[in-house]
Asker: 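Could you have a look at this structure, given as C-alpha cells, before my questions?
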Amino acid sequence: MAINNRILRVLVPSTLTGRVFALYSLTLIVFVGLGLVMFLHYQYDEMVIEKQEAAIMQVEVVAQALQESAVIGDFDSVRKTLEKAVLGPTFATATFIEPTGTKISADHHAEGKTYAPQWLVALIQKRMFDVNRTLSVGGRDYGVLRLQFDVAYVAGDLFFVAMMALLLGLASLVGGMVAVR
C-alpha cells in the first residue's frame with residue numbers, strides 16, 4: 001500500500017495548476033491520438049478505393065487503344081501502348097497476354113516520396129488487386145490486358161501522408177501544452 005501511495009504522489013502533481021495542466025495534457029493526447037488514428041484509417045481506405053477505381057477506368061481506356069493492334073497482330077503498337085499505360089507512378093507493369101500464352105509487357109517503377117515500411121506495403125498489397133480486361137472483338141478473344149499496381153509507390157505516398165499528419169499532430173500537441181502552461 002505504501003508503494004502505491006508513493007507512485008500516486010509522483011504521478012499526480014501537488015498543485016492545482018499542475019493537476020489542471022496534467023488533465024489537459026492527457027485529454028489533448030487522447031483526442032489528438034484518436035483523431036490521428038481515424039484520419040489515417042480514412043486516408044488508407046480512400047487511397048485504396050481511389051487507386052482501384054482509377055485502375056478500372058484506365059484499363060478500359062488502354063483496352064480500347066489495344067483492340068485494333070491486337071486484332072491485326074501489330075505487337076509493336078501493343079508494346080508502345082503498354083509503355084504509355086505505365087508512364088504514371090500508379091502502375092508497375094502492363095501486360096498483354098495472347099490466347100497462346102505469349103506475353104508482351106511494359107514495366108515502370110517510380111520512386112516513392114518516402115520509404116514505406118514493409119508491413120504497410122504488405123497491408124496495401126492485400127487490398128490492391130491486379131486489374132484484368134479481356135480484349136474481345138466480334139465474339140473472339142484476342143487476349144487479356146493486365147495492369148499491376150506499384151504497391152511500394154502507393155505505400156510510400158500513404159506513409160508520407162501519415163508522417164506529415166503525425167508531425168502536425170505532435171506540433172499541435174506541443175503548441176497546445178505550451179500555450180496552456
Side-chain angles (χ1 to χ4, degrees), residues 3-62 82-95 105-133 145-181:
I3 294 174
N4 288 341
N5 286 337
R6 281 188 217 153
I7 293 173
L8 190 59
R9 279 189 212 132
V10 170
L11 292 178
V12 177
S14 59
T15 65
L16 179 60
T17 306
R19 288 180 182 167
V20 169
F21 179 71
L23 181 62
Y24 171 78
S25 298
L26 182 64
T27 304
L28 190 61
I29 289 169
V30 168
F31 284 130
V32 168
L34 286 174
L36 187 61
V37 167
M38 289 171 50
F39 171 76
L40 292 176
H41 181 62
Y42 173 78
Q43 280 297 114
Y44 168 73
D45 285 342
E46 284 300 308
M47 185 173 280
V48 169
I49 290 169
E50 176 187 316
K51 298 292 184 187
Q52 287 290 145
E53 288 175 351
I56 291 169
M57 288 186 274
Q58 186 164 350
V59 80
E60 289 301 322
V61 170
V62 174
L82 293 175
E83 288 170 356
K84 289 177 185 174
V86 293
L87 282 179
T90 303
F91 298 106
T93 306
T95 306
S105 293
D107 296 326
H108 177 264
H109 294 283
E111 293 297 321
K113 290 181 183 173
T114 69
Y115 161 80
Q118 193 57 40
W119 63 265
L120 182 60
V121 174
L123 185 67
I124 291 175
Q125 180 70 47
K126 289 180 184 177
R127 296 250 332 251
M128 297 188 89
F129 304 105
D130 296 345
V131 181
N132 297 300
R133 167 78 156 67
L145 170 62
R146 175 175 294 146
L147 297 178
Q148 294 173 313
F149 286 99
D150 189 348
V151 178
Y153 181 83
V154 175
D157 273 354
L158 183 60
F159 192 68
F160 178 78
V161 168
M163 289 298 102
M164 290 299 109
L166 182 62
L167 287 174
L168 183 60
L170 286 174
S172 298
L173 185 66
V174 169
M177 290 168 74
V178 167
V180 166
R181 194 64 171 163

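The analysis underlying the following values was restricted to heavy atoms, covering all of them including side chains, and did not include hydrogens, waters or symmetry mates.
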Asker: Drop me the distance from Leu28's CG to Leu23's CG, to the nearest 0.5 angstrom.
Answerer: 11.0 Å
Asker: If the test is side chain to side chain contact (heavy atoms under 4.5 Å, CB included), which one of Val86, Leu145, Val131 qualifies with Val62?
Answerer: Leu145
Asker: Between Gln43 (side chain) and Leu158 (backbone), is there a donor-acceptor pair under 3.5 Å?
Answerer: no
Asker: Of all heavy-atom pairs between Ala165 and Phe39, which one has the smallest distance, and what is that distance?
Answerer: CB-CE2, 3.7 Å
Asker: Quick one: are Val154 and Asp150 in side-chain contact, heavy atoms under 4.5 Å?
Answerer: no
Asker: For Met128 versus Lys51, what's the shortest heavy-atom pair and its separation?
Answerer: CE-CB, 3.2 Å
Asker: Any chance CZ of Phe31 has more than 12 other-residue heavy atoms, nucleotides or ligands included, within less than 6.0 Å?
Answerer: no
Asker: Measuring from Met38:CE to Leu36:CG, what's the distance to the nearest 0.5 Å?
Answerer: 11.0 Å
Asker: When you compare the side chain of Leu123 with that of Tyr44, does any pair of heavy atoms fall below 4.5 Å?
Answerer: yes
Asker: Rounded to the nearest 0.5 Å, what separates atom CZ in Phe21 from atom OG1 in Thr15?
Answerer: 11.0 Å
Asker: Any chance you could measure Trp119, atom CH2, to Ile124, atom CD1, to the nearest 0.5 Å?
Answerer: 8.5 Å
Asker: Which pair of non-hydrogen atoms, one from Gly169 and one from Val32, has the smallest distance, and what is that distance?
Answerer: O-CG1, 3.7 Å
Asker: Do you know which two heavy atoms are closest between Ala94 and Ala85, and how far apart they sit?
Answerer: CB-CB, 4.3 Å
Asker: Between Leu147 and Arg133, is there a side-chain heavy-atom distance shorter than 4.5 Å?
Answerer: no
Asker: Can you confirm whether Gln125 sits close enough to Phe149 that some side-chain heavy atom of one is under 4.5 Å from a side-chain heavy atom of the other?
Answerer: no
Asker: From Phe159 CZ over to Met164 CE, what is the distance, rounded to the nearest 0.5 angstrom?
Answerer: 10.0 Å
Asker: Where is the tightest heavy-atom contact between Val121 and Ala155, given as atom of each residue plus distance?
Answerer: CG2-CB, 3.7 Å
Asker: Can you list the steps and then say if Arg146 with Thr93 is a side chain to side chain contact (heavy atoms under 4.5 Å, CB included)?
Answerer: CA-CA 8 Å; Arg146 175 175 294 146; Thr93 306; over 6 Å; no
